[in-house]
2 protein chains.
Amino acid sequence: MNHDLLLANVAKHITLTDEEKAYFISLLNVKKLRKKQYLNQEGDIAKGPSFVNSGILRSYSLDKNGYEHVIQFAPPGWWIGDMASMIKQEPGKLYVDALEDSEVIWIWKADLDKLFVEVPKFERFFRILAENSVATYQSRLVNYLSLPAIERYAGFCKQYPSLIQKLPQKQVASYIGVTPEFLSKMLNNTVI
Amino acid sequence: MNHDLLLANVAKHITLTDEEKAYFISLLNVKKLRKKQYLNQEGDIAKGPSFVNSGILRSYSLDKNGYEHVIQFAPPGWWIGDMASMIKQEPGKLYVDALEDSEVIWIWKADLDKLFVEVPKFERFFRILAENSVATYQSRLVNYLSLPAIERYAGFCKQYPSLIQKLPQKQVASYIGVTPEFLSKMLNNTVI
DNA sequence: CGGGACACTTAACCTACATTAAGTTTTTGC
DNA sequence: GCAAAAACTTAATGTAGGTTAAGTGTCCCG
């Protein structure tokens, strides 16, 4: 297993000594996921934050009619998880699964709390991560509340051009909050 | 001006020495807002995080038809701001204003960055704040994508019982993502 | 290389919620 | 204390997007 992508991600915001790096690595776990395999199911308690090393993961909720609603996609270099479940260590409402064969690096929440004490720089790293995440969710909510579906689609294409190539259309439909049928209709009626 | 509420808020997650407290307080600014007065307008660069000491603030976006969409309410003891604008120090998309006469304590982003270096405990405090915020936005998005309006209203009442008392109905309508007319109709057709 | 799952499309019909507009009640500022 | 603004209601009409269903294409994997 290879931690280079994760270490590069960490190095964007904090600088570690070799010793700190080694300690950090000693706390990491690796999991390989087959396409469609779950990392987390509704009702599970999230173990801790997960970093995508290869593949693509997504988190989603399931409504009472059985429809999926994608909350986040995570290509390589991204973090994913059910934050409410992780913080409170309570059963969560989200599913996390792999859209293709993937490799995930993750850390137990308890080990992360230890890491924060041993190497306080990591407080900074995860603060910055969480702040960026807040900014993303704020703007997602703004888009959702104030733009029609076609503009949310255009926004997604602009913001994640590489994901558009890789994802099945129905996953994108779910992310922007419409049915696959409606997205298909939109795309065939509209010149973007 | 009185920092007790803010210091109590900080003390929930980290413990400060008197000296650290004094330094923190030395960085704080206070602003009194009249009802309807803006703390931030679209296009402004957010100065830094703001803590509500009294009153109620809200953040919202304005769509191209002139409709407001409430992103967050902040009663006393809550933090509010346009996170994307604050992080990138770029003009933002959100308005922040006071729904009643209010008092806000805020800190310049540059001073906050200094504080993180001088008193690293604050990294932890703001990490926890941001993580809780992520959890809230995740669950808000789940609700928005998977529940009908009447259940989002019921959820709001359950989660923020004290706010329901104080807020005009049209503000709640905007938060749950419907028009005031539709919320009015729902409430008069439905026994909750 | 064949069959079954999965992705995408089309189309008819449906509904939750928006828009517009007018009227009533409550709050606010001077 | 009164006029004006803001909040709330009601109702007729409109529409973005959902639902259902059937058909076509495609890609696995055995």
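Protein chains get the first letters and strands the later ones, always in sequence-line order, with residue 1 at the start of each. The figures that follow rest on heavy atoms only: side chains count, while hydrogens, waters and symmetry mates do not.
Taking the ring axis of B:Trp106 as reference, the NZ or CZ atom of B:Lys47 stays within 45° of it and closer than 6.0 Å to the ring centre.
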task = Report, as a single string ordered 5' to 3', how protein heavy atoms within less than 4.0 Å touch nucleotides 12-30 of chain C: B base, S sugar-phosphate only, - not at all.
result = -----BSBBB------S--
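Between the P atom of D:dC28 and the CG atom of A:Leu99 lies a distance of 14 Å, rounded to the nearest Å. Taking atom CD on B:Glu100 and atom P on D:dA6, their separation rounds to 17 Å, with Å as the unit.
Counting only residues at least two apart or on different chains, the ring pair (Phe, Tyr, Trp, His ring centres under 6.0 Å) pairs with a member in residues 52-71 of chain A are A:Tyr60-A:Tyr95. A salt bridge (Lys or Arg N to Asp or Glu O under 4.0 Å) check over residues 143-171 of chain A, counting only residues at least two apart or in different chains, returns the pairs A:Glu151-B:Lys64.
Here B:Arg124 pairs with A:Glu123 under the salt bridge (Lys or Arg N to Asp or Glu O under 4.0 Å) rule; sequence neighbours left out. B:Lys114 meets the salt bridge (Lys or Arg N to Asp or Glu O under 4.0 Å) test with B:Asp111; sequence neighbours excluded. Every salt bridge (Lys or Arg N to Asp or Glu O under 4.0 Å) that B:Lys109 has, sequence neighbours left out, goes to B:Asp113. Partners of B:Phe116 under the ring-ring contact (aromatic ring centres under 6.0 Å, His included) rule, at least two apart in sequence or in another chain, are B:Phe126. A:Lys121 pairs by the salt bridge (Lys or Arg N to Asp or Glu O under 4.0 Å) definition with A:Glu20, not counting sequence neighbours.
Through direct or relayed side-chain contacts under 4.5 Å between Ile, Leu, Val, Met, Phe, Trp and Tyr, B:Leu147 connects to no other residue. In this structure, B:Ile87 shares a hydrophobic cluster with A:Ile71, A:Met83, A:Met86, A:Ile87, A:Leu94, A:Val134, A:Tyr137, A:Leu141, A:Val142, A:Tyr144, A:Leu145, B:Ile71, B:Met83, B:Met86, B:Leu94, B:Val134, B:Tyr137, B:Leu141, B:Val142, B:Tyr144, B:Leu145, the cluster being traced through Ile, Leu, Val, Met, Phe, Trp and Tyr side chains under 4.5 angstrom apart.
Within the helix from C:dC1-D:dG30 to C:dC30-D:dG1, the inter-axis angle between the opening and closing five-pair segments is 70°, rounded to 10°.
Within residues 158-176 of chain A, the residues having any heavy atom closer than 4.0 Å to DNA chain C are, in order of number, A:Pro168, A:Gln169, A:Lys170.
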